[in-house]
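The next block holds one structure in the form of structure tokens; read it before the comments.
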Protein chains: 2
Amino acid sequence: MSRRSGVLEFAVLGLLREAPMHGYELRKRLNTSLGVFRAFSYGSLYPCLKALVQQGWLAEESGRASDDPRATPLTNRRAKIVYRLTAEGKERFEELLAQTGPDAWEDEHFGVRFAFFGQTSRDVRMRVLEGRRSRLEERLAKMRASMARTREKLDAYTLELQRHGMESVEREVRWLNELIESEREGQGQREQRGPSGAHERAGPDPSDDSTN
Amino acid sequence: MSRRSGVLEFAVLGLLREAPMHGYELRKRLNTSLGVFRAFSYGSLYPCLKALVQQGWLAEESGRASDDPRATPLTNRRAKIVYRLTAEGKERFEELLAQTGPDAWEDEHFGVRFAFFGQTSRDVRMRVLEGRRSRLEERLAKMRASMARTREKLDAYTLELQRHGMESVEREVRWLNELIESEREGQGQREQRGPSGAHERAGPDPSDDSTN
DNA sequence: TTGCGATGTATCGAGCTGATACATCGACTC
DNA sequence: GAGTCGATGTATCAGCTCGATACATCGCAA
């Protein structure tokens, strides 16, 4: 339950806060909603769920189809194990939400933190966004220094790769700037639940309205 | 030596092709030159080096500072172990370079492959670039479908995260398009060693000319 | 009724990371 | 010249993650 699985813990608690769920669905949500940046496997998820139950933050609501007390998840006809957030788990999540330490803006954590921004205060959001931005600016500085140092020695393709990498980071900084600006504008007004139209762009192609 | 370490193997062979090096320097190069996308730790590198020596692709040129035959890396005053590519290793690298299978355009491999584009033929470059592009377009299609399916159910921040993620992928596709176009333009002309000015942008801030 | 893909829980080997240990070197300070 | 500090350099390990896989049921369609 260290660095990486801390993210998983956070995401699981956050998702279960909205509604009880079983492992399979939890994993699907993780890898679609939040999963553009992160992917988790069953090999991580199931042990994590067990650990969270152990901690008392989750409770199992075994949806047994059979009354047979001998039934186990393997022998039982259909053994969904539904997980529900306990009061302690809710507290734990609030606690994690309020944390704005450096962990919150590292690559591994930031995406998931952002996905749950709607459940926290603007103070916290601002701190995380600004922390992330300064983290990326540090990285940019290093990349620039490194490129200045090595630019002559490098292959054209290697250079192009570095250029593209740097542009990606620069782009993310611009994105953060817009978000921060958007949070600032919201100040004093009603407590709003999202970035205020920093991007008013068109949605995905409406011809693709598959409900599949 | 499977999926992931295959990347490390490739990168090590490629770097040593230019010049013999010892582990420490190898790792520095890995995490600056190619390292915008990937990072490798000693825990991966040293075992990999040993395995490559085992395979006969690398040879150790122990730069012993002492003549004492009892000297080991630990007791010796300064035990650099310089690795050199053998003829077999060179062959192996050519073989890997020529591979254009699906592996070559997955997230883990593509960056490193690209960094060594200068050492391969345009045919191979085209296949890898186009493979990568279609891979990303698949992903885009899935993301669009997923967004169309869930857009109403989602929090504004989650949506914004997905939007940003999708834009990142779209941006990479545009980059690939430019590169492919650039390779096509080079067709028939001299075998050129890099992307032909798809990006003529200014370099990093020239005020930062630290030689450090 | 047979086959297939989605749903669902669970485990394992292989591999990677961050931390750490140990040791030397050059440069700097006091 | 003694002490400190950061860079250089090799090496290992606990802990964690992933991809693959096993097993079982369900719904559906040919």
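Below, read A as the first sequence line, B as the second, and so on, with proteins coming before strands; counting in each chain starts at 1.
Taken over five-pair windows at either terminus, the axes of the helix from C:dT1-D:dA30 to C:dC30-D:dG1 are inclined to one another by 20° (rounded to 10 degrees).
Between A:F117 and A:V128 the shortest side-chain heavy-atom distance falls below 4.5 Å.
Dashed line: the shortest gap from a side-chain N or O of B:K28 to OP1 or OP2 of D:dG9 is not under 4.0 Å. Close to C:dG15, at under 4.0 Å from its OP1 or OP2, lies no side-chain N or O of B:S44. For C:dT9, the OP1/OP2 oxygens have no side-chain nitrogen or oxygen of A:Y24 closer than 4.0 Å.
When the P atom of D:dT10 is taken as reference, atom OH of B:Y46 falls 4 Å away, rounded to whole Å. Distance OH (A:Y42) to C1' (C:dA6): 10 Å, rounded to an integer number of Å. Rounded to whole Å, the distance from CG on B:D107 to P on D:dG19 is 11 Å. Spacing between atom CD of B:E108 and atom P of C:dG15 amounts to 14 Å, rounded to whole angstrom units. Counting to the nearest Å, the P atom of D:dG9 and the NE2 atom of B:H22 are 4 Å from each other. Nucleotide D:dT8 holds its C1' atom 11 Å from the CD atom of B:E25, rounded to whole Å. Rounding to whole angstrom units, NZ of residue A:K80 and P of C:dT9 are separated by 8 Å. Following rounding to the nearest Å, B:K50 (NZ) and C:dG15 (P) show an atom-to-atom distance of 16 Å.
A salt bridge is absent between A:E178 and A:R174; no separation between the charged side-chain nitrogens and carboxylate oxygens falls under 4.0 Å. Between B:R135 and B:E172 there is no salt bridge, since no side-chain N of the basic residue sits under 4.0 Å from a carboxylate O of the acidic one. Using a 4.0 Å cut-off between charged nitrogen and carboxylate oxygen, B:K80 and B:E25 do not count as a salt-bridge pair.
B:G43 comes within 4.0 angstrom of a base, heavy atoms only.
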Would you tabulate the side-chain donor-acceptor contacts of residues 90-98 of chain B under 3.5 Å, counting partners in other chains and residues two or more places apart, or write 'none'?
{"residue": "B:R92", "atom": "NE", "partner": "B:E9", "partner atom": "OE2", "Å": "2.9"}
{"residue": "B:R92", "atom": "NH2", "partner": "B:E9", "partner atom": "OE2", "Å": "3.0"}
{"residue": "B:E94", "atom": "OE2", "partner": "B:R17", "partner atom": "NH2", "Å": "2.9"}

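Using modelled atom types and a 3.5 Å distance limit, the side chains of B:R113 and B:T120 yield no donor-acceptor pair.
In this structure, the side-chain contact (heavy atoms from CB on, under 4.5 Å) partners of B:T32, at least two apart in sequence or on a different chain, are A:S146.
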